[in-house]
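The structure under discussion appears below in the form of structure tokens.
In what follows, residues are counted from 1 in the order of the sequence shown. Here the structure is a predicted model, which is why all the values come from computation and not from measurement. Values below: every heavy atom of this structure, side chains too, minus hydrogens, waters and symmetry copies.
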Amino acid sequence: MLRTLIVTVCVLAHGLALPTRARPVFLGRGRVIGGSDASISDYPYQASLLQDGSHFCGASIISGTWTLTAAHCVLRTSASRLGMRISDSFPLGATEQVVSLAAANYDPPGGLAATLTGWGSVQFNGGVVDTLQKVDLSVMDRQACQS
């Protein structure tokens, strides 16, 4: 249940952009290839989750001191290696804003347009990039996902 909520919130959190014509390619372990460069000012809730001082996954700013990430980002990772709560508060402004979360019982309809953002690979077997990327997707309805 928690994993479903986290994934749903992350997908919905990124559903604010206008669609582009990119055709994403999905790979194992949460990688998405495709899309285009994005400006952090268009996605001011996007954060970089660090492990041992290096980027390893994206996150969304959900309050002045907390971020939310997908469950696969922290699977088999020791909590002592993560800085999931910042020691001060985010300097909220043009490039740092809190994302609005969906209601706890919200079930997005299939086909809903969503935009995924992050610093993933832009080519097969490529490393992460320094420039924020975006790719437009459609939400899969719950019944199709479960089957």
Side-chain angles (χ1 to χ4, degrees), residues 1-77 81-86 90-104 106-147:
M1 180 66 172
L2 180 59
R3 182 178 179 163
T4 301
L5 178 61
I6 290 171
V7 170
T8 300
V9 168
C10 287
V11 168
L12 292 175
H14 297 289
L16 303 174
L18 297 173
T20 63
R21 297 187 179 197
R23 301 202 77 209
V25 176
F26 294 91
L27 301 176
R29 301 188 324 191
R31 292 184 173 87
V32 178
I33 297 175
S36 58
D37 289 353
S39 170
I40 193 66
S41 63
D42 292 331
Y43 306 95
Y45 49 81
Q46 179 70 59
S48 173
L49 189 58
L50 305 179
Q51 180 174 322
D52 299 328
S54 297
H55 171 82
F56 80 98
C57 223
S60 296
I61 301 171
I62 62 168
S63 79
T65 56
W66 289 95
T67 60
L68 176 69
T69 192
H72 75 269
C73 292
V74 294
L75 203 62
R76 291 186 284 281
T77 301
R81 297 179 71 194
L82 298 174
M84 293 296 287
R85 181 179 191 272
I86 64 170
F90 287 105
L92 298 178
T95 58
E96 296 91 10
Q97 294 181 11
V98 174
V99 69
S100 297
L101 298 177
Y106 178 68
D107 190 14
L112 180 70
T115 299
L116 176 79
T117 58
W119 292 271
S121 299
V122 295
Q123 62 185 9
F124 186 71
N125 284 333
V128 296
V129 294
D130 292 333
T131 304
L132 183 65
Q133 300 291 298
K134 68 176 182 172
V135 66
D136 295 307
L137 310 167
S138 294
V139 172
M140 179 183 288
D141 70 67
R142 184 169 303 280
Q143 184 178 16
C145 183
Q146 289 175 335
S147 65

Do Gln97 side-chain atoms and Leu92 backbone N/O form a donor-acceptor pair below 3.5 Å?
no
Can you name the side chain to side chain contact (heavy atoms under 4.5 Å, CB included) partners of Ser63, sequence neighbours left out?
Thr65, Trp66
Evaluate Gln133 against Asp37 for side chain to side chain contact (heavy atoms under 4.5 Å, CB included), listing each step before the verdict.
CA-CA 5 Å; Gln133 300 291 298; Asp37 289 353; 2.7 Å; yes
Here the pair of heavy atoms bringing Ala47 nearest to Trp119 is O-CZ3, 3.4 Å
Sequence neighbours left out, what passes side chain to side chain contact (heavy atoms under 4.5 Å, CB included) with Pro91? Give chain and number order.
Glu96
Taking side chain to side chain contact (heavy atoms under 4.5 Å, CB included) as the definition, give me every residue that meets it alongside Ala144, ordered by chain and number, with sequence neighbours left out.
Met140, Asp141
I need the Asp42 CG to Thr95 OG1 distance, nearest 0.5 Å.
11.5 Å
The criterion is side-chain hydrogen bond (donor to acceptor under 3.5 Å, both in side chains); which residues satisfy it with Asp130, sequence neighbours excluded?
none
Closest heavy-atom pair, Ala94 versus Pro44, reported as atoms and distance to 0.1 Å, is O-CB, 3.7 Å
Side chain Thr69, main chain Gly58, donor-acceptor under 3.5 Å:
yes
Nearest-0.5 Å distance, CD1 of residue Ile40 to OG1 of residue Thr117
7.5 Å
Restricting to pairs with a member in residues 40-70, which pass disulfide (SG to SG under 2.5 Å), not counting sequence neighbours?
Cys57-Cys73
Taken in chain and number order and not counting sequence neighbours, the residues that satisfy side-chain hydrogen bond (donor to acceptor under 3.5 Å, both in side chains) with Thr131 are none
Nearest 0.5 Å, please: how far is OH in Tyr106 from CG in Leu101?
13.0 Å
Can you see which heavy atom on Val98 is nearest to which on Gly64, and at what distance?
CG2-N, 4.3 Å
Roughly how far, to the nearest 0.5 Å, is NZ of Lys134 from OG of Ser39?
9.5 Å
Given the rule in the side chain to side chain contact (heavy atoms under 4.5 Å, CB included) test, do Val99 and Ile61 qualify, once you have shown the distances and angles that lead to the verdict?
CA-CA 6 Å; Val99 69; Ile61 301 171; over 6 Å; no
Measure across Ala59 and Thr67 and return the closest heavy-atom pair with its distance rounded to 0.1 Å.
CB-CB, 3.9 Å
